Structure formats: C-alpha cells, structure tokens
Amino acid sequence: MLDDRIKSRILDDHKRLTAEGKLYSRSQLEGFYRNFRSRFGPDQLVKLEGEELLEMMHAIGTKDSLVYWLEFKNDDEFPAHFGSIAGGSAFKFGIFRSKETGSWVTGSPIDVKELTVPQAVEIARKHRDELVKGVERIGALPDLADDAEYGKLQEDLGKIAPSVSDTAWGHKYFSLLAPEKLDDYHNADFQRFYLIKMLQVPPEGDGRYLCAGRYVAAAHELGIPINHLTTILNHQNPKPLGYWRIGTSNGEQPRNRWPLMRDGGCVAIGWADLGDLSGYEKDASSKETLIKLLGEHYPGSPQQIGKAASQILNFAKAIAKGDTVLACDGSTVLGVGRITGDYQFESASDFPHRRPVEWLSLDEWKMPEPEGLQTTVHRLRKSPLNLVEAEKRALLRPVIIKPAAPPPNGKRRVVPRLEGVPGRIQTVLECKSQVILYGPPGTGKTFWAERSAIDLASFSLAGKTFEELSDAEKIKVVGGAGFLGQVRMCCFHPAYGYEDFIEGYRPELHEGRMSFTLREGIFKEVCRDAEAQPEQQFYLIIDEINRGDIPRIFGELLTIIEKDKRGKTVVLPLSRSAFRVPPNMFLIGTMNTADRSIALLDTALRRRFGFIELMPDSSVLGDAKVANVPLGPWLEALNHRICEHVGRDARNLQVGHSFLLEDGKPVKDASRFFRVVRDEIIPLLEEYCYEDYDALHAILGSGLVDLPNRAIRHDLFEESMYQELTQALLAPCPDILTSLKAVKSLETDQGVTEPEEGDEDAQEGATS
C-alpha cells in the first residue's frame with residue numbers, strides 16, 4: 001500500500017518519537033482505552049436513566065462527564081492523546097447547560113432554545129441509544145475491511161445513529177471503543193489530507209468513516225498501532241494545509257511571468273494599480289473595498305470584479321505559510337513549491353503582489369484532472385489526484401531555489417484607535433494638567449498615553465488628527481532627524497534623578513580635560529520650548545513613573561506643576577535661574593500596578609495628578625478566536641482564576657488584553673498566540689506565583705503545569721502538539737464553551753468566499 005519512501009520516513013520517526021517518550025506503548029494505550037470504556041462504555045451508559053444519564057453524558061463543567069473526557073480530560077488516567085475535537089461552541093454536543101442561566105439549551109447560536117429537564121433527558125437518552133447501536137455496528141465490521149465495507153458502515157451509521165455519528169465527539173467516542181477499526185482523526189478534512197500526504201487517493205464520497213480502512217491497512221503494514229501512525233503524521237505535518245493553483249501569465253504570452261517566480265523564489269499576481277494589500281483582512285469589508293478599487297482601475301462586469309476580489313484576497317490573506325502552490329500554464333504544472341512567508345508588495349513590478357516560495361520541484365507535468373484553468377488564484381480541492389501527484393513530485397526533488405528576500409519597503413501597518421480612552425485623558429488633563437494611567441500589565445497604558453498625546457498635539461498644531469497631518473507636520477509633533485517634537489517621552493527607573501529631569505552637572509571632556517557642565521534635563525527643555533510656542537500644546541510622557549524616586553526627581557516642581565500654579569516662577573537651586581511650568585505643557589504618566597499600588601505613591605504626587613485606571617478589557621477582543629480558543633472569554637476566565645488563587649492585591653496582578661493584540665487588533669495567528677502564552681503570559685504568572693506551583697497549577701491547569709515535577713510543560717508548545725495545547729488552555733475553564741457570549745466567536749466564519757473552478761479575472765490577461 002505505502003510508497004517505500006513514505007514507509008521509511010514513518011518508521012524512522014516512529015523510532016525517534018519512541019526514544020523521546022512521545023509515543024505510548026501498546027499496553028499503556030490499552031489501559032487508557034480500558035479506563036474510558038469502564039466509565040462510558042455501552043454497558044455503563046445503558047445502566048443510567050433520567051438526570052443521572054443527562055449529567056453523565058453532557059454536564060461538561062463537572063469534569064466527570066463524557067463530553068468533558070472527550071474534549072478536555074488530560075491526566076495519567078486518560079491523556080489528551082486521541083485526537084482533538086476542540087473547536088466550535090458547546091452547541092456541537094447538541095445540548096449543554098448554559099453558564100448564564102443554568103438551564104439546558106439546544107439549537108444554534110442564532111436560535112437558542114431552552115429545554116425543560118425532561119426534554120434534556122430525552123435528548124441525552126437519544127444520544128446514548130445511538131452510541132450503543134453504533135458501537136454494536138462497528139463491532140460487526142471485519143478485520144482489515146476494504147473501502148466498500150467502510151462505505152457501508154458510513155451508510156449504516158447515518159441511519160442508526162443520525163444525531164451523533166456525523167459529529168466529531170461521536171466519532172471520537174466510537175474510535176476510543178474500537179481503536180483497531182477507526183482512526184482518531186475526527187474531522188473528514190484531516191483524514192483526507194493525511195492520506196494525501198501518504199500518497200493515497202482518498203475514497204470517493206463524504207463522511208468521517210470512509211477513510212478509516214486506509215489507516216487500518218497502513219498501520220497493519222507498518223506494524224504499529226493506528227494511534228502511533230496518526231501521532232507521527234501530526235508531527236510531520238502539524239495541521240492540514242492548502243493547495244493552490246497560481247497562473248503564470250500577464251495575458252500577453254503564456255507563462256511569461258514564470259521566470260520572475262521561478263528565479264525570484266516567489267509566486268506573484270498582477271493588479272498593480274491596487275497598491276499594497278498589507279492592511280487588508282480576510283473579511284467582507286476588505287472585499288467591498290477591493291471591489292470598489294477594481295471597478296475604478298479594472299472595469300468589468302460585477303460578477304468578474306467580485307470573483308477577482310476573492311482571488312486577490314485569497315492570495316494576500318487566505319494562503320498560509322506551509323501551503324503548497326502549483327505554478328501553472330493552463331493544465332500544465334511548471335513548479336511545485338511551499339509558501340514560506342507572508343504577503344509582500346513590490347511596487348516596482350507589474351506583478352507586485354508576492355508570496356515567498358521554496359520551490360520543491362520544477363518538473364513539468366499535466367494535472368490528471370484539470371481545474372481552475374480560467375483563474376489566477378484557485379484553491380485545488382476538486383480532485384485529490386492532482387494533490388497526490390503534487391506530493392509525489394515534491395517527494396522526488398530536493399529544495400531547489402530559496403525564497404527571495406522580502407522587499408525593502410516592508411509592510412504598511414494600520415493601528416486602530418479605541419474610542420473613549422483619549423477623551424478621558426483629555427478631560428483629566430483639562431482639569432489637572434497631568435494624569436497617570438495605571439493598571440495591570442498589558443492594559444494599554446503606554447499605547448493610550450502616546451496615541452492621546454500625539455492626537456491632542458496634532459489638533460493644537462493643525463486642527464487634525466495625527467494621521468491626517470502632512471509628513472512635515474508629523475515631524476513637528478513627534479520629532480525626527482534631530483528635531484524634538486511637541487510629544488516627548490522618558491522612562492523613570494531607580495537611578496533616574498533630578499539632574500536627568502530638571503538640571504544637573506554632568507562630566508564632559510574638553511580639550512583633554514575633564515570638567516563638569518550644567519545641563520538641562522528633559523522636563524526643563526520641554527517647558528522652555530512650550531513657553532516659546534504658547535499657541536501649541538506640548539506633552540511629556542513619563543513611562544513607569546512609579547519606578548522612580550518621585551520626590552527626588554521632581555524636587556520643587558511638585559509645587560509649580562499644579563494647574564492653578566502654572567506660570568509661577570521658582571528659582572532653581574543649581575543654575576539660580578528663574579523657572580516656570582507653562583500652562584500649555586502637559587504630563588502623562590503610566591504605572592504598572594503589578595509593581596506598585598497607587599496607594600504607595602507619594603501623597604503630594606497623588607494630589608497633583610489625576611488618575612485613570614485601565615483594567616483588562618475583553619471586549620476589545622470582540623468575537624476573536626485563535627486555534628478555537630475564544631480570546632475574550634478565555635482571558636476573563638484566566639483573570640478570574642488569578643484573582644481566586646494569587647491572593648492579596650490579585651486584582652492588580654491580572655493579565656491585560658493587549659497581550660492578545662497585534663498592531664491593535666486581536667492576534668489571529670495560532671503560532672503567535674501560543675508564543676505569547678509561552679513567552680509572556682506564563683512567565684508573568686510564574687512571577688506572580690513565585691515558587692508556588694500549587695497556585696500556578698490552579699491557574700493554568702494540569703495540562704500546562706506538571707505539578708509533581710514543579711515545571712511547565714514546554715513540550716506542548718511544539719507545533720505538532722498545538723491541538724493538545726488548545727485542549728490544555730481550555731481545560732481549566734470548559735464552561736466558557738457553554739457561555740452564550742463565547743458561542744458567537746466560535747461559530748462565526750468570516751472567511752472570504754473562494755472562487756470556484758471557471759471563475760475569471762478582472763485584470764486583462766492574468767488568467768493562465
């Protein structure tokens with residue numbers, strides 16, 4: 001069945017992973033299956049009735065229910081090693097108890113139906129009966145059954161277990177009770193992808209049980225358990241990836257842009273007049289904007305323009321790192337490559353939209369079943385024969401051409417502005433002339449201090465926001481090329497002193513001799529410039545203001561920074577010069593309450609500053625989800641556990657929402673999200689719970705904290721373990737999946753509609 005190269009690679013990885021302790025032995029696997037069957041096997045479920053059955057089947061928050069074991073259970077009794085069903089809300093189980101109301105509900109996110117207890121019991125009974133019948137039918141399947149027999153199994157399960165057989169959780173239940181007859185991929189797309197990676201053409205038809213016979217046969221040929229085979233395939237390719245056909249012509253001559261792609265280590269498309277697409281997203285709003293631009297620069301029918309917009313957004317945003325691309329001239333494939341990076345824009349080219357590629361094969365060959373011939377960008381999914389052939393070609397050839405270097409102009413970043421906070425800052429500044437933004441780490445204190453100061457200064461300069469200013473005006477606001485702007489910044493620290501802030505003597509080498517020269521500090525400089533330009537507003541941002549010795553740094557300024565004392569003169573003790581703080585000079589400080597509470601600040605300082613508290617705000621994350629983790633509810637649950645287990649002042653030791661933002665928007669990339677958890681959030685929590693692993697375990701859960709060894713499970717952050725990591729992150733708070741607040745983010749798909757075969761471009765010629 002298996003190509004010798006595929007077989008050799010799998011067996012080599014089997015040996016390596018076994019040596020690394022990443023594969024359970026056969027006896028261990030049998031023990032885990034036995035533990036599951038002893039609690040939830042058909043013999044146990046048929047003994048239960050009424051509310052006892054309902055709780056055992058569907059009370060996800062109890063951690064002793066069937067659905068909890070299937071999605072979150074991860075310990076020595078039953079590790080999370082049998083295929084993930086993470087994703088979606090609790091509606092996927094057909095029934096759950098709402099966190100908000102305590103009532104059992106069913107339906108969908110847009111049609112939530114409350115159930116009485118008897119109604120809920122009836123649904124649980126139906127699920128139980130279908131599971132029992134399904135296990136019996138799978139048990140009748142002969143060993144090493146062929147595709148036809150698994151096709152009959154698919155058909156029969158659809159009849160006898162219609163409510164559960166076509167669900168991920170139902171498939172996982174059946175696979176745990178028949179691990180020798182079913183694979184533990186619980187998603188049909190996963191099953192087909194990994195078969196293609198083994199150079200196998202999947203059986204025809206749809207369903208979660210059609211491919212199982214292929215995995216049974218492959219595992220039998222290799223002499224390893226099916227669970228070992230799927231674990232190895234996951235390590236080789238941590239997630240299913242896409243296959244894309246990319247045209248190579250600008251319409252004037254066939255394949256005339258192929259040399260650019262081949263030699264430049266990239267795939268590229270035209271539509272140069274659209275400009276840089278870096279700021280676009282894979283959503284309906286971006287598509288509407290693109291349709292408008294296409295209509296202006298590349299007129300065509302609404303249908304052509306709409307299809308072209310889908311293709312362009314797919315190229316810039318839907319194609320993922322690791323996806324396979326086929327550079328094509330009609331049905332002829334010129335090269336097979338792997339995407340190695342994000343979208344890039346090369347303005348000097350007529351094919352400026354680029355994705356870097358590592359070319360794996362430059363052989364020419366014909367697609368067995370041509371598709372997407374009239375498109376520039378097309379996702380290949382009609383025929384698995386094309387995908388298997390691409391995999392064979394890639395397997396035959398080593399890496400040939402390395403990806404091209406990114407363009408020098410880089411990416412344009414768009415940072416959104418959050419309503420409300422700048423207005424609050426402006427109000428306090430009008431009242432006090434100085435304000436401190438305080439709160440736990442990651443709540444956006446420095447960000448909002450800068451954004452507010454810059455826009456307020458811009459309004460005073462030109463009556464416009466900073467983004468609306470000309471380049472010359474922007475320099476006046478933020479400075480540049482040796483010019484100090486209206487907005488300046490410093491950071492306090494334990495060694496910061498009066499001489500840095502106001503004035504002081506500093507050593508200076510002059511004609512070979514060391515002498516001390518009186519120099520102005522940053523605050524004195526900005527006050528002098530503000531006094532010289534009274535029509536403009538100047539701002540000094542003091543980051544980490546609480547880390548400095550405030551009385552020593554401010555000295556006599558604590559008297560004259562008060563709003564009603566602005567303009568009054570004091571004599572500075574060193575220079576003996578007159579000094580005043582002008583009314584058009586404003587101070588904005590930031591303070592991390594994880595370091596120090598505002599209650600510990602100097603009383604004189606507290607009286608002269610206004611204070612704005614910025615706390616974690618999960619609403620900023622909206623309905624965003626990453627790796628099937630609803631970011632807002634997950635952050636709320638994490639902070640709730642911090643407040644519960646850290647102890648005194650835990651409110652100030654929460655995790656802020658900005659940890660989960662990137663360029664002002666919720667993080668979207670799973671790898672980026674997991675890096676933030678590993679490199680920023682977990683170290684912060686380790687600091688909060690210094691040497692208290694019981695508290696850390698209570699906050700992060702057993703999936704992430706190895707309590708007996710007092711260590712974090714860093715192995716989960718390997719790409720091949722991302723599914724297990726998702727389960728570990730959700731395991732301490734499974735009830736967020738039953739929260740109607742989380743349902744919307746987990747059920748919403750905002751993807752761009754991808755073009756079907758035969759869609760045509762709006763740009764002249766770029767169609768082959």
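Positions are given from 1 along the sequence. Note that the structure is predicted; figures quoted are calculated from it, not measured.
Listed by first then second residue, pairs satisfying side-chain hydrogen bond (donor to acceptor under 3.5 Å, both in side chains) with a partner in residues 468-483 read T465-E468, S470-E473, not counting sequence neighbours.
Side chain of R672 to main chain of V667: no donor-acceptor pair is present (N/O by atom type, distance under 3.5 Å, no hydrogens or angles). A side-chain donor-acceptor contact under 3.5 Å links N314 to the backbone of S310. Panel note: side chain T590, backbone E544; a donor-acceptor pair is recorded below 3.5 Å. Side chain of R566 to main chain of I561: a donor-acceptor pair is present (N/O by atom type, distance under 3.5 Å, no hydrogens or angles). Remark: side-chain polar atoms of T427 are paired, donor with acceptor, to backbone N or O of G423 under 3.5 angstrom. Remark: the backbone N or O of C689 is not paired with any side-chain donor or acceptor of E691 at under 3.5 angstrom. For K317 (side chain) and Y280 (main-chain N/O), a donor-acceptor pair under 3.5 Å exists by modelled atom type. Using a distance-only test at 3.5 Å, with no hydrogens or angles considered, no donor-acceptor pair links the side chain of H645 to the main chain of I699. Of the possible polar contacts, none joining the W634 side chain to the L730 backbone as a donor-acceptor pair under 3.5 Å is found. A donor-acceptor pair under 3.5 Å is absent between the side-chain atoms of R547 and the main chain of P494, judged by distance alone.
If you check the side chains of N628 and T726, you find no donor sitting under 3.5 Å from an acceptor. Donor-acceptor pairing under 3.5 Å is lacking for the side chains of E281 and S286.
Under 4.0 Å is where a charged nitrogen must lie from a carboxylate oxygen, and between E613 and R651 at least one such pair does. Using a cutoff of 4.0 Å between basic side-chain nitrogens and carboxylate oxygens, K565 and E562 are scored as salt-bridged. Between K665 and D663 there is no salt bridge, since no side-chain nitrogen of the basic residue lies less than 4.0 Å from a carboxylate oxygen of the acidic one.
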Check your understanding: Under the side chain to side chain donor-acceptor pair (under 3.5 Å) criterion, do S349 and R354 qualify, and how do the steps go?
Key -> CA-CA 10 Å; S349 172; R354 309 280 179 88; 3.0 Å; yes
Point to revise | side chain to side chain contact (heavy atoms under 4.5 Å, CB included) between L635 and H657, worked out | key: CA-CA 7 Å; L635 182 64; H657 50 272; 4.0 Å; yes
Exercise for review: With side chain to side chain donor-acceptor pair (under 3.5 Å) as the test, would you mind laying out the steps for D283 and S285 before giving the verdict?
Suggested key: CA-CA 6 Å; D283 56 25; S285 175; 4.9 Å; no
Practice item. Show your working on side chain to side chain contact (heavy atoms under 4.5 Å, CB included) between I436 and I588 and close with a plain yes or no. Key: CA-CA 6 Å; I436 289 178; I588 303 177; over 6 Å; no
With a 3.5 Å cut-off and sequence neighbours excluded, list the donor-acceptor pairs that the side chains of residues 523-532 form with protein atoms.
| residue | atom | partner | partner atom | Å |
| --- | --- | --- | --- | --- |
| K524 | NZ | E503 | OE1 | 2.7 |
| R528 | NH1 | E520 | OE1 | 2.3 |
| R528 | NH1 | E520 | OE2 | 3.3 |
| D529 | OD2 | R488 | NH1 | 3.1 |
| D529 | OD2 | R488 | NH2 | 2.6 |
| E531 | OE2 | R580 | NH1 | 2.9 |

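Taking every heavy atom of both residues into account, S460 and Q537 meet most closely at OG-N, 3.2 Å.
Once rounded to the nearest 0.5 Å, the distance linking CG of L685 with CG of L696 reads 6.5 Å. To the nearest 0.5 angstrom, L293 atom CG is 5.5 Å from E296 atom CD. The distance from atom OG of S452 to atom CD of Q426, rounded to the nearest 0.5 Å, is 9.0 Å.
Between F345 and H353, the ring center distance clears the sub-6.0 Å criterion. A ring-centre distance under 6.0 Å is not found for Y498 and F554. Taking the six-membered ring where the residue is Trp, the centroids of Y722 and F674 are separated by under 6.0 Å.
Between H493 and Y496, the ring planes lie perpendicular to each other; the angle is over 60°, past the 30° to 60° tilted range.
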